[in-house]
Amino acid sequence: AQEKGITGGIGNGLFGPNQPCTRAQIVTFLWRAAGSPVVNYAMNMSDVPEGSYYAEAVRWALSEGIATGTTENTFSPDSECTRAQAVAFLFRYAASEAVTLQELVSGFSDADSVPGYALPAMNWALAEEIVQGNGSKLMPNDSCTRAQMVTFLYRAAGSPAPKSTVNPFTDVTANDYYYNAVLWAVE
């Protein structure tokens, strides 16, 4: 994503795959994946400073209905994003067409912990094989890590073969489930 522009590392040759993604990071990943569109939208979020790396991404996500504030005037950009929230954002971004959803969530032991707002998104992500869960669990209320979010985006894009085999990160190895997703994101 340094060249593709979706995401980059956290510095010092590290990607930070197990670090939790914040709300600001996730909407920024989505905004960059969409080509960093400029929108004319009056944003009234007191905790999103103009000029911050995520300000335009938040403006775009709010204007497109991809995300909402955590209150009427706050976005909570530094709050960790759960897997359910991340999948809901991705669903609102990627599934712009009306979709018929299979009910797939009930096959997981923690299905009852999926928030109601995220049920359609989670069913869509399971049907599209964007989310696979961990054994019998979806873990919807766990923090979404940087590796998970990049993998969700990669799978939503159809899991394209990375154009490069150059791995710029010392904390991402070829045995990691997210290896190809990271290589794709940093092309």
Side-chain angles (χ1 to χ4, degrees), residues 1-11 15-17 19-99 101 115-125 127-128 130-131 140-141 143-160 162 178 181-187:
Q2 283 133 348
E3 286 80 23
K4 187 175 284 244
I6 295 173
T7 184
I10 58 172
F15 180 72
Q19 288 188 1
C21 259
T22 64
R23 289 171 53 84
Q25 289 171 332
I26 288 179
V27 297
T28 300
F29 290 177
L30 293 170
W31 176 67
R32 290 176 180 163
S36 304
V38 176
V39 295
N40 184 10
Y41 181 78
M43 179 175 61
N44 186 26
M45 297 291 158
S46 61
D47 59 351
V48 179
E50 286 298 327
S52 62
Y53 80 87
Y54 53 83
E56 289 305 311
V58 171
R59 182 184 320 281
W60 167 79
L62 292 170
S63 75
E64 296 293 319
I66 292 165
T68 60
T70 52
T71 71
E72 188 176 312
N73 296 326
T74 59
F75 186 76
S76 303
D78 297 324
S79 293
E80 289 182 11
C81 205
T82 67
R83 288 169 51 91
Q85 290 168 338
V87 169
F89 291 169
L90 182 60
F91 174 67
R92 294 174 195 144
Y93 163 71
S96 58
E97 302 294 319
V99 292
L101 299 171
Y117 73 84
L119 273 171
M122 198 63 78
N123 279 314
W124 167 80
E128 296 294 319
I130 294 166
V131 171
N141 298 308
S143 291
C144 185
T145 66
R146 291 172 53 84
Q148 290 167 343
M149 190 60 204
V150 168
T151 301
F152 295 166
L153 282 166
Y154 172 70
R155 290 176 183 159
S159 302
Y178 47 83
V182 170
L183 290 185
W184 166 80
V186 299
E187 301 180 327

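As the structure is a computational prediction, the values presented were derived from the model and not from experiment.
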For residues 150-158, please give each side-chain donor-acceptor pair under 3.5 Å, one per line with the distance, not counting sequence neighbours.
{"residue": "Thr151", "atom": "OG1", "partner": "Ala147", "partner atom": "O", "Å": "2.7"}
{"residue": "Tyr154", "atom": "OH", "partner": "Pro160", "partner atom": "O", "Å": "3.3"}
{"residue": "Arg155", "atom": "NH1", "partner": "Ile130", "partner atom": "O", "Å": "2.9"}
{"residue": "Arg155", "atom": "NH2", "partner": "Gln132", "partner atom": "OE1", "Å": "3.4"}

| request: Give, for atom CD of Gln25 and atom CG of Leu30, the distance between the pair rounded to the nearest 0.5 Å. | output: 12.0 Å

| query | Is the backbone of Ala125 close enough, under 3.5 Å, to the side chain of Glu128 for a donor and an acceptor to pair up by distance? | reply | no

| message | Can you give me the closest heavy-atom contact between Cys144 and Met149, atom names plus distance? | response | SG-N, 3.9 Å

| Taking side chain as C-beta onward, heavy atoms only, is Tyr93 less than 4.5 Å from Phe29? | no

| query | Which value, rounded to the nearest 0.5 Å, describes the distance between Glu80 atom CD and Thr22 atom OG1? | reply | 9.0 Å

| message | Test your reading of the model: is there a side-chain donor-acceptor pair from Trp60 to the backbone of Pro37, 3.5 Å cut-off? | response | no

| request: Please identify each residue that fulfils side chain to side chain contact (heavy atoms under 4.5 Å, CB included) with Ala67, with sequence neighbours left out. | output: Val27, Ala61, Phe75, Phe89

| query | Can you name the nearest heavy-atom pair linking Met43 to Val48, along with the distance? | reply | CE-CG1, 3.7 Å

| request: Please name the pair of heavy atoms, one in Arg23 and one in Ser76, separated by the smallest distance, quoted to 0.1 Å. | output: CD-O, 3.3 Å

| query | Could you state the interatomic distance from OG1 (Thr145) to CD (Gln19), rounded to the nearest 0.5 Å? | reply | 10.0 Å

| request: Before accepting this row, confirm whether a basic side-chain N of the pair Glu56/Arg32 lies closer than 4.0 Å to the acidic partner's carboxylate O. | output: no

| field | Non-hydrogen atoms of Gly69 and Leu62 that approach each other most closely | value | N-CD2, 3.9 Å

| Which heavy-atom pair separates Gly16 from Arg146 by the least distance, and what is that distance? | O-CD, 3.2 Å

| task | Can you measure from CD (Gln85) to OH (Tyr117) and round to the nearest 0.5 angstrom? | result | 4.0 Å

| query | Are any side-chain N or O atoms of Arg83 and backbone N or O atoms of Pro140, one a donor and one an acceptor, separated by less than 3.5 Å? | reply | no

